[in-house]
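Residue indices begin at 1 and follow the sequence shown. What you see is a predicted model, and the numbers here were worked out from it, not measured in a lab.
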Amino acid sequence: MVRVPFRAAADRVRRRLGRTARPSSRSRTTARTPAAAPGDLAAAGRGPGRHPYLRALGMLAVVVLGAWLGLLAVGSIRTPVGPMDTTMTLRPSLTGGSKINVSPLGALELDSHIAPLRLDVDVDRLDPERSQALVDQPERFSNLQDEVTRDVAAGTRELAVRSCVAVVSGAAALGLVVYRRPRRALAAGGLALTLLAASGISAYATWNPKSVLEPKFSGLLSSAPSLVGDARSIVTEFDIYQRELARLVTNVTKLYDATSTLPVYQPDPGTIRVLHVSDIHLNPAAWHIIASLVEQYEIDVIVDSGDTMDHGSAAENGFLDPIRDLGAPYVWVRGNHDSRVTQEYLEKFRNVRVLDDGAAVNVGGLRIAGTGDASFTPDRTGPGSNKEAARLEGMRLATALRDQERAGTPADIAVAHDPNTARETDGTVPLVLSGHYHRRINEQLKLGTRLKVEGSTGGGGLRAVQNEKPEKVHASVLYMDRSTRRLQAWDEITLGGLGLTTAEVSRHLPEENLKKDAPGSPTPSPSSPSSSASPASSPGHSSGRPTPAP
C-alpha cells in the first residue's frame with residue numbers, strides 16, 4: 001500500500017515524458033510532481049513512451065546475439081556424407097554461400113546463396129568401414145553421387161530443425177536474462193524464429209545450383225614454413241623451395257581427385273589437356289611446378305606465351321635445358337625479354353615447336369599458330385613493348401590465320417606474347433593465348449574469339465625477391481574437346497610467390513558452355529565430320545585417366 005503513491009507518480013511522469021512540450025513547461029511539471037523512488041523511475045523509463053527506436057534496436061541486438069549464441073552452443077549436427085563423417089553448422093555471414101572445410105588442407109567455397117547465414121560443412125574423417133566397402137565394391141562408385149546427395153539433403157533437414165530450436169532457445173534465454181519478463185523473452189524467441197525464416201526464404205530465392213560448376217579451393221601446406229624458412233633464406237634454400245612448391249601442387253591436385261563428388265565438368269578420356277604458362281623470367285622453380293602439373297593432369301601439350309628469359313643473352317640459354325625432360329610437347333613464342341638467340345637455341349630441342357610470323361603446327365591433336373613479340377627489351381631501363389608495333393604484328397598474324405583457313409587448315413589456338421597483338425586476331429580463331437601483363441585476363445572479344453591472358457608462371461622471376469610482396473605463380477589447364485577442338489573448361493592454378501605456400505585451384509566454364517555442360521545435359525555431337533569423334537562421358541562419370549577436379 002505504501003508504493004501506491006509512487007506508482008501514481010511514475011504513471012504521471014511517463015505520460016508527461018510521452019508528450020512533446022517546451023523545456024520550461026517540462027520543468028514546471030517536474031517541480032509540481034512528487035518525488036519518486038529511483039527504481040520506479042527506471043520502471044517508468046521502460047514504458048512504451050520512452051525511446052521506442054532505442055528499445056527496438058535493443059531488442060534486435062538481444063535477438064541476434066542470443067540466436068548466435070544458440071547456434072554456437074547446439075546449432076550443429078554430425079552426419080555421414082558418403083564415406084565421410086561431417087559436421088554441418090549454420091554460421092552468421094554477410095555474404096552467405098557454403099564452405100566445405102577439409103582441415104587442415106583447405107576449403108571448398110561455393111557461392112550457393114545470398115543470405116545472412118553460411119552453411120559450413122567440416123569433413124572430420126573418412127570412415128574406415130564405409131571407405132573399405134567402396135574399395136571392395138567398386139560398382140558403388142557409380143551411385144556415390146546420389147548417395148552423397150541424399151545424405152546432404154537429410155543432414156540439411158536435420159540441421160534446419162536443430163537451428164530453429166537453437167535460435168529460438170538462445171534468443172528467449174538471453175531475453176529472459178536481460179528483460180526478466182517472460183513476455184519479452186517469448187517475443188525475442190518469436191522474432192528470432194521470424195528472422196531465421198526470412199533468411200531461409202532469402203537463401204531459397206537466391207539458390208544458385210550452378211555454383212558447383214565454379215567452386216573455389218584454397219589450401220595451406222602447414223609444414224612448409226618450417227622447411228622453407230622466411231623470405232631472407234629463399235636464396236640460400238632455393239632448392240628446398242622448388243621441391244616444396246612442386247610437392248604442394250601434387251598434394252592439392254591429389255586432394256581434388258580424392259574428395260570431389262560435386263557434379264562439375266568431367267573431361268572424357270579423349271579430352272585434350274593444354275597447360276598454359278607464361279612469363280617465367282628465369283625462375284628455376286617454374287620447371288618443377290610445370291613438371292608436377294604435367295604429371296598430375298596428364299598434359300598433352302604445353303603452351304608458353306613468352307618471356308621465358310630476362311635478358312635474352314646466350315649465357316642464359318642453359319636455363320632452358322629442363323624443357324627437354326618435361327614429358328610433353330612444348331609450344332613456344334618469343335616474348336619481349338626473349339631474343340633471336342634464345343629462339344634459335346630452342347629450335348634445336350626435339351620436343352619444342354617454336355612459332356613465329358604466323359606459322360602453325362599440329363601438336364597434341366590441335367593446330368596452333370603464333371608469332372614472336374614485335375619488341376625486345378633486354379633490360380628494364382627502356383620502355384616496354386610498343387603498342388603500335390604489337391598491333392601491326394597482330395594484323396600480320398590475323399592475315400596468316402585467314403590464309404590458313406582458306407587453305408582448309410584453320411588454327412584452333414593462336415599464341416602471341418602481347419595481348420595487344422592477340423586482340424587483332426579476333427574473329428580468325430576460337431581461342432588466343434598471351435601473357436606479358438603478369439595477371440590473368442579472360443575476355444570474350446567482339447567477334448567471338450576468347451582471349452586468355454596468363455599471369456607469371458615464374459612469379460615475376462627472381463627479381464620478385466626484391467619486392468615487398470612477391471608475385472604469385474600462375475598457370476592454367478585448358479580442357480579442349482578432341483572432336484570440336486573447342487575450349488570446354490579450364491582450371492586456374494595459383495600458388496604463393498617466393499616464401500609463400502598458399503595454393504588455390506578454381507575451375508571455370510565458358511559462359512556459352514554453362515547450359516550444355518550442366519549436370520544431366522547431353523554432350524553435343526561433333527560439328528566437324530572430318531574430325532575423329534571420341535565417346536563423350538556424361539558429367540559425374542569418370543573413366544580413363546584421372547582428373548584433379550575441384
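- Looking only at side-chain heavy atoms (C-beta outward), Trp68 and Leu65 come within less than 4.5 Å of each other.
- Rounded to the nearest 0.5 angstrom, Thr87 OG1 and Asp120 CG are separated by 10.5 Å.
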Check residues 157-173 and write down every donor-acceptor pair under 3.5 Å in which the side-chain atom is one partner and the other belongs to a residue at least two apart or another chain.
from: Arg162; atom 1: NH1; to: Val74; atom 2: O; distance (Å): 3.4
from: Arg162; atom 1: NH1; to: Ser76; atom 2: O; distance (Å): 3.1
from: Ser163; atom 1: OG; to: Leu159; atom 2: O; distance (Å): 2.7
from: Ser169; atom 1: OG; to: Val165; atom 2: O; distance (Å): 2.7

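- Minimum interatomic distance between Ala328 and Val294 (heavy atoms only, all atoms of both residues): CB-CG1, 4.2 Å.
- Proximity of a side-chain donor or acceptor of Arg440 to a complementary backbone N or O of Ala475 within less than 3.5 Å is detected.
- The CD1 atom of Ile302 sits 4.5 Å away from atom CG of Leu326, with the distance rounded to the nearest 0.5 Å.
- Closest of all the heavy-atom pairs between Ser434 and Leu451 is OG-CD1, 3.8 Å.
- With contacts defined as side-chain heavy-atom distances shorter than 4.5 Å, the pair Glu454/Leu433 does not qualify.
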Practice problem: Start with the C-alpha gap between His474 and Arg439, add the side-chain angles, then the distance that decides, and say whether side-chain contact (heavy atoms from CB on, under 4.5 Å) holds. | Solution: CA-CA 8 Å; His474 295 96; Arg439 59 186 174 89; over 6 Å; no

Exercise. Report the C-alpha distance between Thr271 and Gln488 in whole Å, list the side-chain angles of each, state the deciding distance to 0.1 Å, and finish with yes or no for side-chain contact (heavy atoms from CB on, under 4.5 Å).
Key: CA-CA 9 Å; Thr271 298; Gln488 299 298 305; over 6 Å; no

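- Taking both residues in full, the closest heavy atoms of Tyr179 and Gly58 are given as OH-C, 3.7 Å, listed atom of the first, atom of the second, then distance.
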Quiz item: Ser278 and His436: side-chain contact (heavy atoms from CB on, under 4.5 Å), yes or no, with the steps?
Solution: CA-CA 8 Å; Ser278 188; His436 189 54; over 6 Å; no

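- In this structure a side-chain-to-backbone donor-acceptor pair under 3.5 Å is present from Ser199 to Leu195.
- Between the side chain of Asp300 and the backbone N or O of Arg273, at least one donor-acceptor pair lies under 3.5 Å.
- At distances below 3.5 Å, not a single donor-acceptor pair connects side-chain atoms of Thr457 with backbone N or O atoms of Val277.
- When all heavy atoms of Ile77 and Gly155 are compared, the pair lying nearest together is CD1-O, 3.1 Å.
- Within a 6.0 Å radius of CG in Leu193, more than 12 heavy atoms belonging to other residues, nucleotides or ligands are found.
- Distance alone, capped at 3.5 Å, is enough to place a donor-acceptor pair between the His417 side chain and the Ser305 backbone.
- Counting heavy atoms from C-beta outward, Glu492 and Glu504 have side chains that stay 4.5 Å or more apart.
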Practice problem: Assess whether side-chain contact (heavy atoms from CB on, under 4.5 Å) is satisfied between Ile280 and Trp287, documenting all intermediate values. | Solution: CA-CA 9 Å; Ile280 293 174; Trp287 302 131; 3.8 Å; yes

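- The line from CD1 of Ile272 to CG of Leu366 is 4.0 Å long, rounded to the nearest 0.5 Å.
- Of the inter-residue distances, the one linking His276 atom NE2 with Trp490 atom CH2 reads 13.0 Å to the nearest 0.5 angstrom.
- Of all heavy-atom pairs spanning Arg118 and Gly97, the tightest one is CG-O, 3.1 Å.
- In this structure, Met480 and Ile413 have side chains that are in contact, with non-hydrogen atoms separated by less than 4.5 Å.
- Pairs of residues two or more places apart, or lying in two chains, that qualify as salt bridge (charged side-chain N to carboxylate O under 4.0 Å, His left out) and include a residue from residues 68-80 are Arg78-Asp124.
- No donor-acceptor pair under 3.5 Å is formed between the side chain of Arg485 and the backbone N or O of Asp412.
- Between Ser506 and His508, the side chains place a donor N or O and an acceptor N or O closer than 3.5 Å (distance only, hydrogens not considered).
- Side-chain contact between Leu445 and Arg450 is absent, with no heavy-atom pair separated by less than 4.5 Å.
- No donor-acceptor pair closer than 3.5 Å links the side chain of Ser202 to the backbone N or O of Ala198.
- Put simply, the side chain of Asp279 never gets that close to the backbone of Asp307: no donor and acceptor are under 3.5 Å apart.
- Checked by atom type and distance alone, the side chain of Thr86 pairs as donor or acceptor with a backbone atom of Thr79 at under 3.5 Å.
- Once rounded to the nearest 0.5 Å, the distance linking CG of Asn442 with CD of Gln444 reads 8.0 Å.
- Here the shortest heavy-atom pairing between Val429 and Thr449 reads O-OG1, 2.6 Å.
- Here the straight-line distance linking atom CD1 of Ile323 with atom CD1 of Ile290 works out to 7.5 Å at 0.5 Å rounding.
- Side-chain polar atoms of Tyr479 and Asp491 form a donor-acceptor pair below 3.5 angstrom.
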